[in-house]
Structure formats: C-alpha cells, structure tokens
Amino acid sequence: MTDATDPRRARLYEELATESRRYHAAFVLFNQAVADHLGLHPTDVQALSLLTVEAAPLTVRQIADLTGLTTGSATRLVDRLERGGYVARTPDARDRRRVLVSPVPERIARVTAVWDELGRTWQTLLDDHSEDELRAITRHMRRANELSRTQIQRLRALPKPD
C-alpha cells in the first residue's frame with residue numbers, strides 16, 4: 001500500500017494529472033485532424049476504430065453501448081458510415097430480426113493507411129521501453145479503459161448541471 005500523504009508521491013500524482021490532461025486534449029485534437037483529413041466526423045473515426053478491433057460484427061445496440069451513444073445516434077452514425085461505404089449491414093444468420101454491422105475491408109483500408117503511416121511514428125515512443133514497462137503501460141491502458149466506461153455510465157446517470 002502506498003502512503004497518500006507522501007509529498008513526493010503527491011507531486012508525482014499532480015504531474016501525472018497535468019500530463020494526462022495534455023495527453024487527452026492532444027488525442028482529441030489529433031483525432032479531429034485525422035477525421036478532417038478523411039472527411040469524417042471524429043466520432044465516426046473512433047467508431048470505425050472500435051468496430052475493427054471487435055472479433056465479430058455488431059448490432060447497432062452494441063455499437064451504442066460500445067460508444068456510449070443513444071441507439072438513435074448510433075443508428076445515424078451507422079447510416080453515415082454505410083453511405084460512405086465504410087460499413088455494411090447484413091441480417092444476422094441466427095436471428096433474422098437482428099442486423100449486424102461489419103466494416104468493409106476495402107474502404108477501411110483507406111483509414112488504416114492513414115493510421116499505419118502515423119502509427120509508425122507513434123511506435124517510436126515505445127521503442128525504448130522494456131517488456132515489463134510495455135506490460136505496465138498496457139495494463140494501465142486496459143484499466144483506464146474499464147474505468148472510463150464505468151465513469152461514463154456514472155456521469156450519464158447524474159442530473160445535468162444548471
């Protein structure tokens with residue numbers, strides 16, 4: 001257990017909080033630049049990113065849950081992506097009442113090419129880390145993702161401020 005009153009640790013937490021805010025803002029702005037470059041909405045870029053890491057096609061409801069959008073907003077997102085040729089809707093073979101949304105590989109390649117080009121530069125940030133450090137970073141990212149999902153649900157349940 002760590003001592004929360006340790007001034008050195010408090011300074012590290014403060015520095016981490018500051019850098020975290022900068023990191024998040026930089027990522028949002030970077031995502032906007034990628035979206036602008038591709039002629040997409042920033043949410044569409046992130047939805048495509050999430051769709052391409054899933055093992056199977058998703059329903060609009062699952063996309064809504066994954067992105068935190070309402071089902072109506074998720075439907076409009078899928079409509080935009082379908083019009084752009086990035087996703088296709090197909091009936092679920094096991095339940096014909098359900099429609100599954102899948103990325104269209106040929107069109108996703110356009111987005112992937114941009115990410116791959118930029119990703120090579122991002123990769124250099126990690127090159128000087130040991131395997132243990134990479135595992136720690138991965139563990140942190142996984143835990144931050146889980147916490148973010150929980151905090152999003154919590155925030156959405158709160159009344160809106162005046």
Side-chain angles (χ1 to χ4, degrees), residues 1-56 58 60-78 80-81 84 86-87 101 103 105 107-162:
M1 194 56 137
T2 59
D3 181 5
T5 62
D6 179 354
R8 289 177 306 180
R9 190 164 183 92
R11 279 192 302 279
L12 283 173
Y13 278 147
E14 186 176 321
E15 181 181 358
L16 182 57
T18 299
E19 291 307 317
S20 180
R21 289 173 61 192
R22 287 184 177 130
Y23 173 83
H24 285 100
F27 182 82
V28 168
L29 296 170
F30 172 76
N31 185 61
Q32 180 69 57
V34 170
D36 290 346
H37 179 76
L38 293 168
L40 294 170
H41 188 279
T43 303
D44 297 355
V45 172
Q46 290 308 304
L48 285 173
S49 178
L50 293 171
L51 277 169
T52 59
V53 296
E54 291 299 317
L58 302 175
V60 171
R61 170 90 234 148
Q62 290 170 315
I63 292 169
D65 291 343
L66 197 60
T67 60
L69 296 171
T70 65
T71 53
S73 292
T75 298
R76 288 187 294 279
L77 178 143
V78 171
R80 284 192 308 272
L81 292 176
Y86 292 98
V87 300
V101 178
R107 191 69 169 144
I108 293 297
R110 178 177 183 249
V111 179
T112 303
V114 172
W115 280 116
D116 286 351
E117 181 182 332
L118 298 170
R120 283 187 290 277
T121 306
W122 287 101
Q123 181 71 39
T124 62
L125 290 175
L126 302 172
D127 286 347
D128 64 342
H129 288 286
S130 70
E131 288 183 19
D132 285 342
E133 289 171 325
L134 291 174
R135 278 191 282 280
I137 293 167
T138 301
R139 185 175 59 250
H140 168 77
M141 300 283 285
R142 188 174 294 118
R143 291 173 63 197
N145 181 38
E146 292 166 3
L147 177 60
S148 290
R149 290 184 191 282
T150 301
Q151 295 292 54
I152 288 167
Q153 290 172 346
R154 183 173 164 247
L155 187 58
R156 289 206 166 107
L158 293 173
K160 301 242 188 266
D162 293 336

Rounded distance [0.5 Å steps], [atom1] in [X] versus [atom2] in [Y]:
| X | Y | atom1 | atom2 | value |
| --- | --- | --- | --- | --- |
| N145 | T150 | CG | OG1 | 9.5 Å |
| T71 | Q62 | OG1 | CD | 13.0 Å |
| R61 | T70 | CZ | OG1 | 9.0 Å |
| L81 | H41 | CG | NE2 | 11.0 Å |
| L50 | I63 | CG | CD1 | 9.5 Å |

Sidechain-backbone polar pair: H140 side chain, A136 backbone, donor-acceptor under 3.5 Å: no
Just by modelled atom types, is the V45 backbone N or O under 3.5 Å from a matching donor or acceptor in the S49 side chain?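 Checking the backbone N and O of V45 against the side chain of S49, no donor-acceptor pair under 3.5 Å is found.
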Residues, nucleotides or ligands: over 12 heavy atoms within 6.0 Å of H37 NE2: no
Could you check whether atom CD of E15 has more than 12 heavy atoms from other residues, nucleotides or ligands sitting under 6.0 Å from it? no
Distance-only criterion, 3.5 Å: show the donor-acceptor pairs between side-chain atoms of residues 152-162 and protein atoms not counting sequence neighbours.
residue	atom	partner	partner atom	Å
R154	NH1	Q151	OE1	3.4
R156	NH1	G68	O	2.9
R156	NH2	G68	O	3.0

With side chains defined as the heavy atoms from C-beta onward, is the minimum distance between [X] and [Y] less than 4.5 Å?
| X | Y | answer |
| --- | --- | --- |
| L69 | T43 | yes |
| R80 | L77 | yes |
| V111 | T52 | no |
| R110 | L38 | yes |

Heavy-atom pair of closest approach, residues E133 and D128: OE1-O, 4.2 Å
Mind running salt bridge (charged side-chain N to carboxylate O under 4.0 Å, His left out) on E146 and R149 for me, showing each step along the way? CA-CA 5 Å; E146 292 166 3; R149 290 184 191 282; over 6 Å; no
Students often mix this up, so state it plainly: with edges at 30° and 60°, are the rings of F27 and Y23 parallel, tilted or perpendicular? parallel
Would you say the side chains of R135 and T138 form a donor-acceptor pair under 3.5 Å? no
Once side-chain contact (heavy atoms from CB on, under 4.5 Å) is applied, do any residues pair with R11, and if so which ones, sequence neighbours excluded?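 Only P7, R8 meet the side-chain contact (heavy atoms from CB on, under 4.5 Å) criterion with R11.
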Identify all side-chain donor-acceptor contacts of residues 112-125 below 3.5 Å with residues at least two apart in sequence or on another chain.
residue	atom	partner	partner atom	Å
T112	OG1	I108	O	3.0
R120	NH1	D116	O	3.4
T124	OG1	T121	O	2.5

Go through it in stages, so that I can follow the logic: the residues are L51 and Y86, the test is side-chain contact (heavy atoms from CB on, under 4.5 Å), and I'd like the CA-CA distance, side-chain angles, deciding distance and then a yes or no. CA-CA 10 Å; L51 277 169; Y86 292 98; over 6 Å; no
